[in-house]
Amino acid sequence: MSVFRNDQNQIHSLHGNHVAGVATATSGAQQVEMWRGRMDANSATPPHSHDTEEVVLFLKGSGRATVADRELRYQAGDTLVLPAAVVHQIFAETDSEFVSAMPSGGTVKLPDGVVIELPWRR
């Protein structure tokens with residue numbers, strides 16, 4: 001058991017997305033990874049997929065997500081369940097905050113198959 005203090009979080013920023021790993025192998029988590037992040041208004045994640053399910057809880061803001069060929073809208077308090085191996089992308093229409101979780105060590109890929117290394121996993 002461990003406590004990973006908020007002031008230990010290192011925030012990684014990329015294209016208007018600001019993410020900190022709050023439960024990672026580095027902080028003692030063995031089976032589940034969790035991240036806390038915020039997205040600037042009018043920013044987006046790159047289109048990508050995971051080889052495991054991912055769950056995103058939106059704490060603040062609103063926007064939309066594309067999941068395969070579907071478009072879904074979100075607002076604060078909504079939870080988005082992203083299935084494994086399905087390309088998805090999240091678009092923040094307003095400043096947004098979220099927490100996200102998935103099984104540890106899952107692979108994240110761009111649509112062309114290139115594996116993305118997530119810096120907030122460290």
Side-chain angles (χ1 to χ4, degrees):
M1 178 173 62
S2 61
V3 174
F4 193 73
R5 303 278 179 213
N6 185 51
D7 62 1
Q8 294 175 281
N9 291 332
Q10 181 180 359
I11 298 172
H12 300 272
S13 297
L14 181 65
H15 305 296
N17 298 284
H18 313 280
V19 182
V22 296
T24 64
T26 303
S27 65
Q30 296 179 12
Q31 297 179 6
V32 176
E33 296 178 12
M34 183 185 296
W35 311 305
R36 182 175 181 125
R38 64 182 176 81
M39 297 176 70
D40 297 335
N42 302 310
S43 66
T45 65
H48 64 284
S49 64
H50 308 263
D51 62 353
T52 62
E53 180 177 77
E54 178 184 18
V55 177
V56 182
L57 169 62
F58 295 98
L59 304 172
K60 175 184 171 186
S62 62
R64 61 189 171 84
T66 56
V67 182
D69 60 353
R70 292 185 62 201
E71 183 169 286
L72 307 166
R73 303 218 36 94
Y74 75 82
Q75 60 186 4
D78 291 346
T79 300
L80 178 62
V81 179
L82 299 162
V86 174
V87 174
H88 57 275
Q89 187 171 18
I90 299 173
F91 302 87
E93 293 173 351
T94 66
D95 289 341
S96 297
E97 293 182 11
F98 64 90
V99 291
S100 175
M102 62 187 274
S104 293
T107 301
V108 181
K109 294 181 183 179
L110 297 173
D112 63 5
V114 171
V115 174
I116 304 172
E117 296 299 325
L118 303 175
W120 45 87
R121 281 185 157 162
R122 298 182 212 123

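Values below: every heavy atom of this structure, side chains too, minus hydrogens, waters and symmetry copies.
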Point to revise | Spatial distance of atom NZ (Lys109) from atom CD1 (Ile116) [nearest 0.5 Å] | key: 11.0 Å
Revision key, fill the gap. Here the gap from Thr24 atom OG1 to Gln30 atom CD, rounded to the nearest 0.5 Å, amounts to 11.5 Å
**Study point:** Distance-minimising heavy-atom pair for Ala92 and Tyr74
**Key:** CA-OH, 3.5 Å
N/O donor-acceptor pairs under 3.5 Å from side chains in residues 56-66, not counting sequence neighbours:
unit_1 : atom_1 : unit_2 : atom_2 : d
Arg64  : NH1    : Glu71  : OE1    : 3.3

Check your understanding: Do Val87 and Val115 belong to the same hydrophobic cluster, where Ile, Leu, Val, Met, Phe, Trp and Tyr are linked whenever their side-chain heavy atoms lie under 4.5 Å apart, directly or via other members?
Key -> no
Practice item. Report the distance from atom OG1 of Thr45 to atom CZ of Phe91, rounding to the nearest 0.5 Å. Key: 7.0 Å
Exercise for review: Kindly work out whether a path of hydrophobic side-chain contacts (I/L/V/M/F/W/Y, heavy atoms less than 4.5 Å apart) joins Phe98 to Met102.
Suggested key: yes
Check your understanding: If you round to the nearest 0.5 Å, how far is CG of Asn17 from CE of Met39?
Key -> 4.5 Å
**Study point:** Path from Val55 to Leu72 over hydrophobic side-chain contacts below 4.5 Å
**Key:** no
Point to revise | Approximate separation, where rounding is to 0.5 Å, of Gln89 CD and Ser49 OG | key: 12.5 Å
**Study point:** Considering all heavy atoms, the nearest Ala23-Ser27 contact
**Key:** CA-OG, 3.4 Å
Review point. Out of curiosity, does Val19 fall in the hydrophobic cluster containing Val99 (side-chain heavy atoms, cut-off under 4.5 Å, transitive links)?
Key: no
Study note, to complete from the structure: Between Glu117 and Pro119 the two heavy atoms that sit nearest each other are O-CD, 3.3 Å
Study note, to complete from the structure: In short, Pro47 meets Pro111 closest at the heavy-atom pair O-CD, 3.2 Å
Review point. Hey, are the side chains of Pro46 and Leu14 touching, using non-hydrogen atoms and a 4.5 Å cut-off?
Key: no
Review point. Among the clusters formed by ILVMFWY side chains lying less than 4.5 Å apart, do Leu118 and Leu110 turn up in the same one?
Key: yes
Review point. Which residue pairs pass the salt bridge (Lys or Arg N to Asp or Glu O under 4.0 Å) test when at least one of the two sits in residues 34-45, sequence neighbours left out?
Key: Arg36-Glu97, Arg38-Asp40
Check your understanding: Under 4.5 Å between any side-chain heavy atoms of Leu80 and Ile90, yes or no?
Key -> yes
**Study point:** Nearest-0.5 Å distance that lies between atom CD in Glu54 and atom CD in Glu33
**Key:** 10.0 Å
Exercise for review: Give a yes or no answer on whether the side chain of Gln31 reaches the backbone of Ser104 with a donor-acceptor pair at less than 3.5 Å.
Suggested key: no
Point to revise | Aromatic plane relationship, Trp120 with Trp35 - under 30° parallel, 30 to 60° tilted, over 60° perpendicular | key: perpendicular
Review point. Are the ring centres of His88 and His48 closer than 6.0 Å?
Key: yes
